[in-house]
Protein chains: 2
Amino acid sequence: MKCSIPKGTRDFMPTEMARRNYIFDTIRNVFKTYGFEPIETPSIENLSTLMGKYGEEGDKLLFKVLNSGDFMKDVDFSQEYHKVAPKICERGLRYDLTVPFARFVVQHRDQITFPFRRFQIQPVWRADRPQKGRYREFYQCDADMIGSESLLNELELVQMVDEVFHRFGINVCLKINNRKVLAGIADLIGAPDKLVDITVAIDKLDKIGLENVQKELAERGLTPEQIQALNPVFELNGTASEKIAQLQTLFANNETGLKGTEELATLFSYIEAAGIRCQVELDLTLARGLNYYTGAIFEVKALDVAMGSISGGGRYDNLTGIFGMPNVSGVGISFGADRIYDVLTELEKFPSDLDQSAKVLFINFGPAEQAYCIRYAAQLRAAGISTLIYPDSAKMKKQMDFANKKLIPYVIIVGENEIASNSLTIKNMATGEQQTLDINQVVSLLK
Amino acid sequence: MKCSIPKGTRDFMPTEMARRNYIFDTIRNVFKTYGFEPIETPSIENLSTLMGKYGEEGDKLLFKVLNSGDFMKDVDFSQEYHKVAPKICERGLRYDLTVPFARFVVQHRDQITFPFRRFQIQPVWRADRPQKGRYREFYQCDADMIGSESLLNELELVQMVDEVFHRFGINVCLKINNRKVLAGIADLIGAPDKLVDITVAIDKLDKIGLENVQKELAERGLTPEQIQALNPVFELNGTASEKIAQLQTLFANNETGLKGTEELATLFSYIEAAGIRCQVELDLTLARGLNYYTGAIFEVKALDVAMGSISGGGRYDNLTGIFGMPNVSGVGISFGADRIYDVLTELEKFPSDLDQSAKVLFINFGPAEQAYCIRYAAQLRAAGISTLIYPDSAKMKKQMDFANKKLIPYVIIVGENEIASNSLTIKNMATGEQQTLDINQVVSLLK
């Protein structure tokens with residue numbers, strides 16, 4: 001029988017787990033210092049909660065769970081498969097953390113004290129075609145603050161991004177834009193109905209260059225005059241405050257654009273006062289999921305590695321509206337754990353002691369020595385030190401090989417002399433150095 | 001639109017999350033001090049991996065995932081539903097952590113150094129009828145050591161059970177038995193083929209009493225003589241060593257029974273030497289999933305609360321055999337997080353500070369004060385203190401209500417005086433006491 005797992009899914013070995021947990025723990029700890037609280041939602045949601053929330057493509061990518069029992073009863077199988085699916089599957093796997101969070105807020109609105117900050121670190125599932133770096137099961141790490149329109153929330157997201165990547169030792173650039181500014185631009189050039197087309201096209205500026213963006217804008221129905229009127233957007237330059245000054249002139253007669261510019265001005269003044277270590281840039285070509293965001297939008301890129309965005313988010317004004325609870329404003333951020341993993345690997349920034357399985361191994365020479373080891377192992381464990389006793393009195397070489405393969409940094413050797421003198425001989429596996437110590441000295445050494 | 005989640009699933013609010021994480025972290029930390037390493041397997045496995053591993057009933061309770069795309073193509077829907085299901089579902093949700101672990105070991109055998117200790121804390125899914133305390137999605141916390149037959153492993157499981165429940169402050173009784181002893185008994189009474197019937201029946205002794213167990217044994221085809229021959233099992237008494245002595249006499253001519261008795265004798269001698277705090281009992285009426293275990297079996301019950309078993313496990317000699325890798329012996333333990341949650345709730349043993357969302361809230365009086373607060377909040381957060389700034393300059397009462405509802409133990413109040421003297425006024429919400437301090441004093445107070 002061949003053992004395998006479904007395409008696009010992964011097993012995680014202890015070394016990968018240690019690295020992944022380092023990422024999750026770092027992000028979680030930063031979330032907590034900003035007063036975010038953990039929640040969890042079920043892996044399985046009613047399909048009615050999920051369908052229609054991610055566009056037509058998203059509906060196709062939802063994993064559907066077959067009804068239990070006689071799922072075929074009263075179902076007409078002469079219809080097309082996408083009509084049959086919802087009849088035989090009432091539930092599906094979580095596709096992201098945002099829609100379940102919106103459902104959670106509406107369902108538990110009476111138990112929640114607003115403004116509410118929650119974080120959620122859980123897997124999601126998408127029936128996407130698997131490829132390098134794209135999986136069918138992967139974790140999302142989301143933090144959202146809802147029930148407050150204050151731009152202090154945006155500042156704190158920026159501070160969290162700064163803190164998380166500072167802890168990781170990854171140099172990043174945080175790009176900021178505002179959806180209202182983009183809407184103002186669409187107004188200005190006389191194409192308010194083309195907002196999505198404009199942003200989809202200019203979002204590609206990095207990848208395809210200005211000329212191709214302009215070509216795409218033409219294909220999307222913008223006139224040459226409208227395309228030319230966009231030039232000020234691409235030509236904006238200088239510091240954030242200089243760009244903001246130029247936008248204020250540009251939007252002199254445009255309310256939406258001016259509002260967005262003011263929000264940017266306030267946020268950047270906060271950022272300057274707070275003292276952010278990472279690079280922060282006002283980037284008018286940043287677009288991100290526009291159907292969804294209504295104010296600030298963020299995106300984070302690593303500076304020293306070629307990699308897509310490793311974090312992103314923004315302000316939305318109507319997340320819970322889809323579940324019948326309108327006018328709840330929120331702002332959130334999501335960290336891409338898999339990409340952060342790849343960046344840390346490429347930059348060799350993982351802490352070096354993550355790979356340890358146990359801190360120390362007691363070599364097992366036989367029943368008498370084993371009894372002595374059990375007693376002292378208990379003391380090391382009580383001190384919080386990860387401790388192994390080799391379970392059998394196998395050959396010394398086999399036991400030492402085991403310690404080496406498992407990257408255990410110390411072994412303890414107990415023979416007649418140690419038992420007689422109530423001591424332990426401890427060997428540093430890296431240096432080969434051996435010392436005979438009492439238990440308290442061993443605890444101090446290994447702590 | 002009505003918001004709901006599927007029957008048998010749960011949302012977890014921050015308070016529940018804090019309590020659940022306290023349970024998982026405690027168990028995880030004990031696992032780690034014994035040198036267990038974390039792994040994770042995908043939520044979705046190939047159905048071929050899962051089917052036939054949990055009995056006929058288990059196959060029915062597997063959640064099956066509908067194939068993506070045109071799942072109906074070339075499928076004959078005139079068959080019965082349980083024949084159609086595997087045609088339209090290639091994958092299913094993890095049903096337990098044991099079978100995926102066996103698959104993992106076989107699949108990655110070349111990368112694993114044996115003996116291998118792994119722990120795994122992940123959700124599993126079962127399409128069981130939901131009822132009080134039984135969910136369709138729940139976490140299992142498993143630790144297994146494989147590739148070693150040493151009884152030292154059994155001892156270490158006992159030590160872990162002792163340590164975990166000691167940390168929880170739950171008084172428990174750990175019951176131990178051995179499958180070979182049960183097999184020996186079946187041999188002795190001349191019914192080796194009735195081993196499963198015998199154990200299923202005597203497993204119910206606690207619930208239904210001796211008379212009913214004997215009735216059930218008769219229904220299961222044992223003769224009155226055989227049933228009477230079982231009496232020594234029910235009549236065993238005294239300490240573990242006394243019971244072991246009686247078993248040695250009983251099994252004088254039975255190899256399997258004697259082997260099991262010797263294993264028990266060794267394990268109990270280890271346990272005595274190691275100094276276990278919890279109550280440990282040799283219980284011949286303990287049976288547990290017999291098709292599966294081959295040596296020691298364990299079960300843990302809380303002493304001060306009426307509740308089923310809260311932990312259990314045992315030795316198995318052929319876990320990976322189902323995937324074509326025979327003769328790998330292992331021993332494992334599983335902690336029942338949901339039941340432990342209920343026990344801790346009933347005994348009021350959860351640490352009292354788990355419910356805090358943030359440690360401190362800065363009251364927001366307006367732009368000037370807010371800027372001052374941002375600076376000091378950053379310093380508290382840098383010291384690892386969970387800190388909130390109220391995002392708007394709402395009415396004082398509203399902000400204080402927020403602190404009370406969120407159980408935030410301290411608020412910091414900043415006005416003109418504090419700004420002028422570069423200080424912070426901090427209020428203890430429980431006592432009402434207020435102090436004006438500098439930032440270092442505040443850090444010391446909140447650390």
Side-chain angles (χ1 to χ4, degrees), chain A residues 1 3 5-6 9-14 17 32-33 35 37-46 63-66 68 70-72 77 81 84-85 89 91 103-104 106-107 113 115 123 127 137 148 150 152-153 273-274 323-324 357-358 371 374 381 384 386-389 391-392 402 405-406, chain B residues 1 3-6 9-14 17 32-33 35 37-46 63-66 68 70-72 77 81 84-85 89 91 103-104 106-107 113 115 127 137 148 150 152-153 273-274 323-324 357-358 371 374 381 384 386-389 391-392 402 405-406:
Chain A
M1 169 162 200
C3 281
I5 51 177
T9 68
R10 293 167 287 175
D11 281 329
F12 296 110
M13 300 292 285
M17 284 296 295
K32 282 187 177 177
T33 63
E37 301 180 274
I39 68 158
E40 280 184 11
T41 61
S43 304
I44 308 174
E45 293 270 356
N46 292 322
F63 277 113
K64 297 168 187 74
V65 175
L66 192 66
S68 309
D70 185 0
F71 63 90
M72 291 175 66
F77 284 91
Y81 76 88
V84 172
C89 298
R91 292 152 302 191
R103 193 264 313 141
F104 178 98
V106 177
Q107 191 173 331
T113 306
E137 174 177 40
S148 161
S150 165
L152 185 57
N153 296 304
F323 296 109
S357 55
I374 288 172
R381 286 163 175 160
S386 175
T387 303
L388 283 173
I389 307 174
D392 310 283
F402 176 82
K405 277 193 196 158
K406 300 292 284 180
Chain B
M1 171 161 196
C3 281
S4 66
I5 51 178
T9 69
R10 292 169 287 175
D11 281 330
F12 296 109
M13 301 292 286
M17 284 296 295
K32 282 188 177 175
T33 62
E37 299 180 275
I39 69 158
E40 279 185 12
T41 62
S43 303
I44 308 173
E45 293 271 355
N46 292 321
F63 278 114
K64 297 168 187 74
V65 175
L66 193 66
S68 309
D70 185 359
F71 63 91
M72 292 175 66
F77 283 92
Y81 76 89
V84 172
C89 298
R91 291 152 304 192
R103 194 265 311 141
F104 178 99
V106 176
Q107 193 173 330
T113 306
E137 175 177 39
S148 159
S150 165
L152 184 57
N153 296 304
F323 296 111
S357 55
I374 288 171
R381 287 163 174 160
S386 176
T387 303
L388 283 172
I389 307 173
D392 311 284
F402 176 82
K405 276 194 196 157
K406 301 291 285 180

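Letters A, B, ... mirror the listed sequences (proteins, then strands); counts begin at 1.
- Ranked by non-hydrogen atom pairs under 4.5 Å with chain B, the options A:Asn46, A:Thr387, A:Thr113, A:Val84 are led by A:Asn46.
- To the nearest 0.5 angstrom, A:Gln107 atom CD is 5.5 Å from B:Asp11 atom CG.
- With a 4.5 Å cut-off on non-hydrogen atoms, A:Ser68 touches chain B through its side chain but not through its backbone.
- Shown here are the ring-ring contact (aromatic ring centres under 6.0 Å, His included) partners of B:Phe104, two or more places apart in sequence or in another chain: B:His108.
- Checked for salt-bridge contact, A:Glu40 and B:Arg10 miss the test: no charged N lies under 4.0 Å from a carboxylate O.
- Looking at A:Lys32, only its backbone comes within 4.5 Å of chain B, counting heavy atoms on both sides.
- Between the SG atom in B:Cys89 and the CZ atom in A:Phe71 there is a gap of 7.0 Å [rounded to 0.5 Å].
- Remark: A:Phe402 engages A:Tyr390 in a ring-ring contact (aromatic ring centres under 6.0 Å, His included) (not counting sequence neighbours).
- Each of A:Ala371, A:Ala127, A:Ala358, A:Ser357 has some count of heavy-atom pairs under 4.5 Å with chain B, and the biggest count is that of A:Ser357.
- The candidate from A:Asp70, A:Val65, A:Ile389, A:Thr41 with the greatest count of non-hydrogen atom pairs under 4.5 Å with chain B is A:Asp70.
- In terms of heavy-atom pairs under 4.5 Å with chain B, the best-connected choice from A:Ile44, A:Asp392, A:Asn153 is A:Ile44.
- Ranked by heavy-atom pairs under 4.5 Å with chain A, the first of B:Arg381, B:Lys406, B:Met17 is B:Arg381.
- For the pair A:Met72 and B:Phe77, the tightest heavy-atom approach, listed with the atom from each and the gap, is CE-O, 3.0 Å.
- For the pair A:Arg103 and B:Ile5, the minimum side-chain heavy-atom distance is below 4.5 Å.
- With rounding to the nearest 0.5 Å, the separation of CG in A:Leu388 from OG1 in B:Thr33 is 10.0 Å.
- Residue B:Pro391 comes nearest to A:Leu152 through the heavy atom pair CA-CD2, 3.9 Å, listed as atom of the first residue, atom of the second, then distance.
- With contacts defined as side-chain heavy-atom distances shorter than 4.5 Å, the pair A:Met13/B:Glu37 does not qualify.
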